[in-house]
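Notes follow once the structure below has been shown.
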Amino acid sequence: MDTTETLLLPPGGSTIAGDVDALFYFIVYASIAIFGIVLFGIVYLGLKYRGRKAAADGTTPGITHSTRLELAWSIIPAILVIIVFVWGFNVYMKMNIIPGDVMEVKVTAQKWFWSFDYPDGVNTVNELVVPLGKPVKLLMSSRDVIHSFYVPAFRIKMDVLPNRYTLTWFEATAIGSYDIMCAEFCGDRHSEMLGRVRVVSEREYKEWLESGTETAEGATPVDYGRALFRTKACHTCHNVDGTSAVGPALNGIVGKQRPLAGGERVTVDENYLRESILEPQSSIAAGYQPVMPTYQGMLNDKQVDALIAYIKSLK
Amino acid sequence: MSSGNSNGHPAHLAHHFSDAAQQSESAKIGMWIFLLTEILLFAGLFVAYAVYRSANTEMFYNAHKHLDIHLGTLNTIVLITSSLTMALAIRSIQLNDRKKSIKLLAATFALAAVFLIVKYFEYSHKFDLGQLPGKFYTYTGIEGSNPHIFFSVYFMMTGLHGIHVIAGMIAISWVMRKTIQGKLSSEYYTPMELTGLYWHLVDMIWIFLFPLLYLIG
Amino acid sequence: MNKIPEVNYLNASRGIRSWLFTLDHKRIGLLYLFSIMAAFALGGIFAILIRLELLGPGKDIMEARTYNQIFTLHGAVMIFLFIIPSIPAAMGNFILPQMIGAKDVAFPRLNLLSWWIYIFGAVFAVISMSTGSVDTGWTFYTPYSTTTSTSVVAMTLGVFILGFSSIFTGLNFIVTIHKMRAPGQTWFKLPLFVWGLYATAIIQVLATPVLGITVLLLILERVAGIGIFDPAMGGDPVLFQHFFWFYSHPAVYIMILPGMGIISELISAFSQKRIFGYKAIAFSSLAIAFISFLVWGHHMFVSGQSQLASAIFSFLTFLVGIPSGIKIFNWLATLYKGKIRFDTPMLYALSFLFLFTIGGLTGMFLGTLATDVHLHDTYFVVAHFHYVMVGGTVMAFFGGLHYWWPKFWGRMYNELWAKISIAFTFVGFNITFLSQFVLGAKGMPRRYYSYLDKFQPLHDLSSFGSWIMAIGFFIMAVYLIHAVFKGRPAGDNPWGALTFEWETTSPPPKENFIETPTLTHGPYDYDKIVPERTI
């Protein structure tokens, strides 16, 4: 049930989007009707009784109340809200019942990127690739603060908590690429904690899985490292133009002496870089917070080599 | 009215009230509302207790054995007695027996101090053992998940209660001063009555804390 | 020609100490008024800065961290320093005792203490701003708030202290309304503003202590690491959300209920008509106050709380809508066969009806489980909240401010400039926030420093609206201050209203009434009496 972009909602791309949108527009029309009545009341009564003399002595009628009218405008809205509640409840249940035959992906959120672990060991960062027409269950947890996994096109959102799993699921209905956003405020780069869901055909998905996430074939280590620097979200915290961000800039540091938080100094070499990627808490650069997550298990040796090669190439 | 001024207005009657009954009723309603806010303040901690207890049942059971039931019982008796002396102090001032009232207030004050001294020994024992809240917890003898949470809850609840005991002692010494100065009598004893209400609340909260922390595991 | 009464509370005593240590509820009300207007101006500057930064994606005028601090301060200042004390502590303080024919509130010293505590709390907020500020959002969600390097403790300590100020005001009002009413003024002869303040005070007293303990736990978590909200230590960060919203949802009714009370006064006075459905309006305030304690979980539909809990909270949330709807229609019915005059306070009241209806209806989208999943934490929520709080409370606040300005000072403001000002505010407000409804529905999350290019046109429109609104408020500040010194004398009852506060002089004498008043008519007896307007 993919829907096209409407006046108020973005295009929908999941099986539940149509249901959510239908309810959304029902509330829109009901609201416009009620608002119309109120607005008409204000304008009509306001103009009609403007400065009017009601009685010869200047008094106005002492209407205290009308039980019938007041019941009417209690009961009619009550019926409306019950309809909306029940409708919303039904769609919500549908959104929460996870179909049996699902593909499960583990989602890990941390400042400020998403990583996805597929059942067969493949791992991606900020890109979730899924086959069309297959329900996907997301088992989510956070490594630091609360984040929220939000795909507007699928009309799903779920908070991602530390030390606990939360679940959500979707079944994509159209091939394409959709935004993932973090919807729970999580710090400096909250608004850059973005990703994409890429919905591909079953065949393409298989090919993608087999080829591994990224291929180093034909690319030089530096080029591969440059690509990884983005896809593994290193760039969300490290600049390469000499300016500090959350972490230190990485250009022109190889071979230099660097002060550490403990006071001692290290020379930046391949081993130091490797340690910083895989065990980032062991040596913190002076002046920075120990906030970098470990990439142990998220990068293979070849990828670490490529990243080091890339960092060495930065002047 | 002995303490009245030239308009026949008693000295304790504020200008914006029309009579003493209105003033004392207002003060009492105000105090009851204040007590309600106190209960809600503690309610948050009781909820936290319930949540963490249900999440770590076994640990709560194991940890509560490390609280000293004897000292806890002693303190319970001390506080209940102090509530009695407080009530009797009000009774005495109603009968215009100012001397007795002062003695009873002094007894209440002393019992409150005893409570705090006992609490001090309990606390210092736990400090020595490292049975401390959160990240300061260093003790190793308690089985179960997150034993430091029990001590976080324990210190939060008893600590906040302890602060209330101190506030109560300040209030008691304040009404004692007023009584000694002769400002309170059977005509007007609202400050003592309000202090009494407050003191009973402090007592009552302890009556809840004691079984929750010391008795049930 | 009207004259300012020679004896009044403004000239009863002189000197700065006679203000800072006054026990007169009117002066305390004004102290509050000056303080909250300063907070409003400060919060408004933050709002303009936010909208400037959002003119384009990426960096415009500030860094991400600065932006995060600014939106946090906007929220914290506007909510804790402006809108919560706005109507009760400033206007309620001034008007409530006069409305019930009392000389003062029940506890004048507590009243003064409440203002000093407010100032003390505000000092902590300022300390926080000058020592690194806070970047958590006004909701202080854990574990972000326990791990960020910004000065959360000073700000939350400020919030803790401000809570006492709010509790003392509420406590004082409850007792005042119970015990200080003039002879003959029964509960059902009370003006509806008093009912609104009463319902508000109940929430202030019952909900604020929970906020107190919540921020206390947060502070202890940060300074002593007690682990209550820290997942790494077995704590539960979602428990914080429950605690926080248990206060903060009722708190939005602390903000709106007294506003609704003002609207009842304005609609009746400027229609010269008995209020329609008095009891329904009075009881709906109490109903809202009661239900408000049971709906906090609707802020947490996607937080991982159980689906059953979400369903129950959703249902209860819809129940709140019904008494609010009753009020709207009762106000409309009051207009019927009235003698309507469109003085500025009435324009604010009608703006309230217009904007609050939109605010209320858009609440339906958020109370509905299925649609809230998509809309939660987007600009849709931001827009809804501002329609209710600015379109609702702030409009009512300014309506009341214009209505009682001649009561405060005995002088009138310039009516033409007042109308120009509200035109700017009304148009600017709608431009700013209608566009945010669309932004949110399209999937723009809130608290974003940067955004996708496709959102830029609507963001720019919103920023443009904020400037128009700012012009409106600026004009208002100028003519209101001018009126205090140079306005023409308004007479005792400029609007020809029947509530008790207009029985005395404007401005009133020190103890409100020269002689103890007796009630000779109800607050809305426009079918029996034709009061004269003194302007």
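Note that this is a predicted model, so its numbers are computed, not measured. Chain letters run A, B, ... following the sequence lines, proteins first, then strands; residues in each count from 1.
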Between A/Val28 and chain C, which part of the residue has a heavy atom less than 4.5 Å away: side chain, backbone, both or neither?
-> both
Check whether C/Leu452 gets within reach of chain A through its side chain, its backbone, both or neither, counting any heavy atom under 4.5 Å.
-> side chain
When the 4.5 angstrom heavy-atom criterion is applied to C/Thr362 and chain A, the contacting part is neither
Could you tell me which portion of C/Leu335 (side chain, backbone, both or neither) has an atom closer than 4.5 angstrom to a non-hydrogen atom of chain A?
-> both
With distance as the sole test, does C/Lys337 use its side chain to make a donor-acceptor pair with the main-chain N or O of A/Tyr49 at under 3.5 Å?
-> no
C/Val530, C/Leu369, C/Asp236: which one forms the most heavy-atom pairs within less than 4.5 Å of chain A?
-> C/Leu369
Region of C/Phe71 that comes under 4.5 Å of a non-hydrogen atom in chain A = side chain
Beyond-backbone contact of C/His374 with A/Leu9, side-chain heavy atoms, under 4.5 angstrom | yes
The interface call for A/Leu161 against chain C, heavy-atom contacts under 4.5 Å, is side chain
Who wins among C/Arg446, C/Gln307, C/Lys454 for the most heavy-atom pairs under 4.5 Å with chain A?
-> C/Gln307
Passes side-chain contact (heavy atoms from CB on, under 4.5 Å), A/Met158 versus C/Val373? Steps please.
-> CA-CA 8 Å; A/Met158 191 67 201; C/Val373 171; over 6 Å; no
Could you tell me which portion of C/Leu332 (side chain, backbone, both or neither) has an atom closer than 4.5 angstrom to a non-hydrogen atom of chain A?
-> both
Could you tell me which non-hydrogen atom of C/Phe342 sits nearest to which non-hydrogen atom of A/Gly46, and how far apart they are?
-> CZ-O, 3.5 Å
Should we count CZ of A/Arg50 as having more than 12 external heavy atoms under 6.0 Å?
-> no
Which of the residues A/Val91, A/Leu39, A/Leu45 is involved in the greatest number of heavy-atom pairs with chain C at under 4.5 angstrom?
-> A/Leu45
A/Asp188 and C/Asp135: side-chain contact (heavy atoms from CB on, under 4.5 Å), yes or no, with the steps?
-> CA-CA 9 Å; A/Asp188 291 355; C/Asp135 71 338; 4.1 Å; yes
C/Asp525 portion near chain A, given a 4.5 angstrom heavy-atom threshold = neither
Contact class of C/Phe437 relative to chain A, heavy atoms under 4.5 angstrom = neither
Chain C: which of A/Ile156, A/Ile34, A/Val145, A/Ile32 shares the most heavy-atom pairs with it under 4.5 Å?
-> A/Val145
Judged by modelled atom types alone, do C/His376 and A/Tyr150 share a side-chain donor-acceptor pair under 3.5 Å?
-> no
Could you check C/Ile322 against A/Val81 for side-chain contact (heavy atoms from CB on, under 4.5 Å), going step by step and ending with a plain yes or no?
-> CA-CA 9 Å; C/Ile322 296 168; A/Val81 297; 4.3 Å; yes
Heavy atoms of C/Pro143 and A/Ile146 approach each other most closely as CD-CG1, 3.8 Å
Top of C/Phe354, C/Trp331, C/Tyr451 for chain A proximity - count of heavy-atom pairs under 4.5 angstrom | C/Phe354
Interchain contact, C/Ser310 with chain A, by part (heavy-atom threshold 4.5 Å) = side chain
Sort A/Asn90 into side chain, backbone, both or neither according to what part of it lies under 4.5 angstrom from a heavy atom of chain C.
-> neither
Side chain, backbone, both or neither: which part of C/Leu319 has a non-hydrogen atom closer than 4.5 Å to chain A?
-> neither
Applying a strict 4.5 Å limit to non-hydrogen atoms, the region of A/Ser66 in contact with chain C is both
Considering only heavy atoms, which portion of A/Ile75 lies under 4.5 Å from any heavy atom of chain C: side chain, backbone, both, or neither?
-> neither
Please determine, among C/Pro231, C/Ala64, C/Ser145, the option with the most heavy-atom pairs under 4.5 Å with chain A.
-> C/Pro231
Look at C/Gly234, C/Ser314, C/Pro57, C/Gly367 and state which one has the largest set of heavy-atom pairs under 4.5 Å with chain A.
-> C/Ser314
Top contributor to chain C contacts, counting heavy-atom pairs under 4.5 Å, from A/Ala183, A/Ala153, A/Ser148, A/Ser142 = A/Ala183
Contacting moiety of A/Lys111, where chain C heavy atoms sit under 4.5 Å = side chain
If you take all heavy atoms of C/Phe315 and A/Phe85, which pair is closest and at what distance?
-> N-CE1, 3.5 Å
Top residue by heavy-atom pair count (under 4.5 Å) with chain A, among C/Met444, C/Arg447, C/Lys442, C/Arg274?
-> C/Lys442
Determine the option with the most heavy-atom pairs under 4.5 angstrom with chain C, choosing from A/Cys186, A/Gly41, A/Pro77, A/Ala30.
-> A/Cys186
Do A/His190 and C/Tyr448 make the cut of ring centroids closer than 6.0 angstrom?
-> yes
Heavy-atom contact with chain A under 4.5 Å, split by part of C/Gln241 | side chain
Please state whether the side chain, the backbone, both or neither of C/Thr139 comes within less than 4.5 Å of a heavy atom of chain A.
-> neither
Determine, using ring centers only, whether C/Tyr141 and A/Phe185 are less than 6.0 Å apart.
-> no
Residue pair C/Phe365 / A/Phe24: nearest heavy atoms and the distance that separates them | CE2-O, 3.5 Å
Which atoms of A/Met95 come close to chain C, meaning under 4.5 Å heavy atom to heavy atom: side chain ones, backbone ones, both, or neither?
-> side chain
Residue part contacting chain C, namely of A/Arg164, when any heavy atom lies under 4.5 Å | side chain
Closest non-hydrogen atom pair between C/Ala280 and A/Glu70, with its separation | CB-OE1, 2.9 Å
Value for CZ (C/Phe329) from CD1 (A/Ile76), rounded to nearest 0.5 Å, stands at 8.5 Å
Heavy-atom side-chain contact between A/Arg155 and C/Thr371 under 4.5 Å | no
Could you give me the CA-CA distance, side-chain angles and deciding distance for C/Ile328 and A/Trp73, then say whether side-chain contact (heavy atoms from CB on, under 4.5 Å) is met?
-> CA-CA 10 Å; C/Ile328 298 267; A/Trp73 59 59; over 6 Å; no
So, for C/Ala370 and A/Leu23, which heavy atoms are closest and what is the spacing to 0.1 Å?
-> CB-CD2, 4.1 Å
Go through the atoms of A/Leu167 and report whether side chain, backbone, both or neither lie under 4.5 Å from a heavy atom of chain C.
-> neither
Kindly indicate whether the side chain of A/Phe35, heavy atoms from C-beta on, has any atom under 4.5 Å from the side chain of C/Ile358.
-> yes
Chain A heavy atoms under 4.5 Å from C/Ser450: which part of the residue, side chain, backbone, both or neither?
-> both
If we only count heavy atoms from C-beta on, is the C/Phe318 to A/Val84 side-chain gap below 4.5 Å?
-> yes
Charged N to carboxylate O below 4.0 Å: is that the case for A/Lys157 and C/Asp372?
-> no
A/Phe89 CZ: over 12 foreign heavy atoms closer than 6.0 Å = no
Could you tell me the separation between the OH atom of C/Tyr336 and the CG atom of A/Leu69, rounded to the nearest 0.5 Å?
-> 10.0 Å
Measuring from A/Glu192:CD to C/Tyr449:OH, what's the distance to the nearest 0.5 Å?
-> 8.0 Å
